[in-house]
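Since the structure comes first, as structure tokens, the remarks are kept for the end.
Because the structure is a prediction, the values reported are computed rather than measured. Because only heavy atoms are used, hydrogens play no part in the values below, and waters and symmetry mates are left out as well, while side chains stay in.
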Amino acid sequence: VSLYGGARYSHDERNMRLTSGLGLAYNDAILLGCTDLEQRVSYSNVSGKAGLQLRPDDHSPFDGQWQSGFKAGGFNAATCGQSFKPEKITSYELGYKARLLDNRLNLAIAAFHYDYTNLQIAQIVGVSYSITNAASAKIDGAELEATLTPVTGFQIDGHATWLNARYGAYSNFDPINLAAGEQDLTGKRLNRAPRFSGTLGMQYSPAIGDGKLTLRGELFYTASYYFRPFNEPLDRQDGYVTGNAFVTYALPGKNVELRAFVRNIANEAIIAGIFTSDIGQTRLAQYQPPRTYGAGINYRF
């Protein structure tokens, strides 16, 4: 049985002098008169953690941990005197690890609960980037990781994650739908938080002469997720499956490695991010790379 704990004290000071700012009023750009506006904020915080580990044998530890965290607030420099609050989180985690089948199977299981206060959320209003605070948000989740080596040189590995990530008390204006007024976003799904995601990988590493060849394939799956807290249909990336493949050959001596790869084999169109422009009343999206392939040489000094 092991007990551990710790604490950290932090103090942040932020100063800003704003001489002018570009804002937006009913989709018309205006210049905000912030002549020599000086602001100063300071934040102090004590964060801590405490944990318990039970180790009935050398291969199967149980862990439980409580931890708190802090992220300082600050200013939205593009607005006239607007600031945002510090973000705080309290987390609870339980975990179990095991090595089974004569160490051929490694398992790691974890469950967690995250409780946010004043979660910081970024958005673009007009031509400016600003941060607002959600009063609260909660995330419940579980993870499973496994690595199986059924025979020497062959490995199967994967992980799966389940999330229930929701905003608590939170309301905000949608910059591209101001006519809807202030919207109650309580219960909406958090940005970039799919309910389920997972990977599956297989690799084979036969010895060839004095070198080593590794053939590896990977599949990644994610359920749908949103990029904005309003959870509109056009804010959503649908679920998808994508695959990668790698061929690696380590020359004798292990200093030189030759590698070839293909990523996003199926050439899926996957959105990397969405942001909005209330000037054009539209959404703008960036995409992840399409099918990409290449080769390289690594040399370790």
Mind checking whether [X] and [Y] have side chains closer than 4.5 Å, heavy atoms only?
| X | Y | result |
| --- | --- | --- |
| L258 | L251 | yes |
| R40 | E13 | yes |
| K212 | S205 | yes |
| E93 | Y114 | yes |
| P86 | F70 | yes |
| F261 | N244 | no |
| F84 | Q120 | yes |
| L105 | T147 | no |

With distance as the sole test, does [X] use its side chain to make a donor-acceptor pair with the main-chain N or O of [Y] at under 3.5 Å?
| X | Y | value |
| --- | --- | --- |
| R259 | Y249 | no |
| R216 | F246 | no |
| T199 | G158 | no |
| Q203 | G153 | no |
| T292 | P290 | yes |
| N76 | I131 | yes |
| N133 | A135 | no |
| E218 | L200 | no |

Non-hydrogen atoms of [X] and [Y] that approach each other most closely:
| X | Y | answer |
| --- | --- | --- |
| A169 | T186 | CA-OG1, 3.7 Å |
| R14 | G74 | NH1-CA, 3.9 Å |
| N172 | F230 | O-CE2, 3.9 Å |
| T90 | W66 | CG2-NE1, 3.3 Å |
| L54 | P56 | O-CD, 3.5 Å |
| Y43 | A72 | CD1-CB, 4.2 Å |

Can you tell me how far the [atom1] atom of [X] sits from the [atom2] atom of [Y], to the nearest 0.5 Å?
| X | Y | atom1 | atom2 | value |
| --- | --- | --- | --- | --- |
| N103 | T149 | CG | OG1 | 10.0 Å |
| T161 | L144 | OG1 | CG | 9.0 Å |
| R166 | D140 | CZ | CG | 11.0 Å |
| K188 | N231 | NZ | CG | 5.5 Å |
| S197 | L163 | OG | CG | 6.5 Å |

Quiz prompt | Check ion pair R189-D235 (N to O, under 4.0 angstrom) | solution = no
Practice problem: Starting from the C-alpha separation in whole Å, work towards a yes-or-no answer on side-chain contact (heavy atoms from CB on, under 4.5 Å) for Q237 and Y226. | Solution: CA-CA 6 Å; Q237 166 64 58; Y226 293 95; over 6 Å; no
Quiz item: Does the pair L148 and D157 meet the rule for a side-chain contact (heavy atoms from CB on, under 4.5 Å), with working shown?
Solution: CA-CA 6 Å; L148 174 64; D157 54 78; over 6 Å; no
Quiz prompt | Test log, rule side-chain contact (heavy atoms from CB on, under 4.5 Å), inputs Y4 and L52 | solution = CA-CA 7 Å; Y4 62 90; L52 167 70; over 6 Å; no
Between [Y] and [X], is there a side-chain donor-acceptor contact under 3.5 Å, judged purely by atom types and distance?
| X | Y | answer |
| --- | --- | --- |
| Y299 | E257 | no |
| E182 | S171 | yes |
| N191 | Y167 | yes |
| N264 | T242 | yes |
| T117 | S136 | no |
| N118 | E87 | no |
| Y240 | D238 | no |

[X] atom [atom1]: more than 12 heavy-atom contacts under 6.0 Å:
| X | atom1 | result |
| --- | --- | --- |
| R8 | CZ | no |
| D210 | CG | no |
| Y204 | OH | no |
| D102 | CG | no |
| L101 | CG | yes |

Practice problem: Could you label the plane-to-plane angle of the H11 and Y9 rings as parallel, tilted or perpendicular, counting under 30° as parallel and over 60° as perpendicular? | Solution: parallel
Exercise. Kindly confirm or rule out a cation-pi arrangement of R291 over Y293, judged by NZ or CZ under 6.0 Å from the six-membered ring centre and within 45° of its axis?
Key: no
Find out if a path of hydrophobic residues (ILVMFWY) with successive side-chain heavy-atom gaps under 4.5 Å connects [X] to [Y].
| X | Y | answer |
| --- | --- | --- |
| L190 | I89 | yes |
| Y225 | V241 | no |
| V247 | V256 | yes |
| I121 | I139 | yes |
| W162 | L94 | no |

Self-check item: From CA spacing to verdict: side-chain contact (heavy atoms from CB on, under 4.5 Å), L185, R228
Solution: CA-CA 11 Å; L185 304 177; R228 302 199 314 142; over 6 Å; no
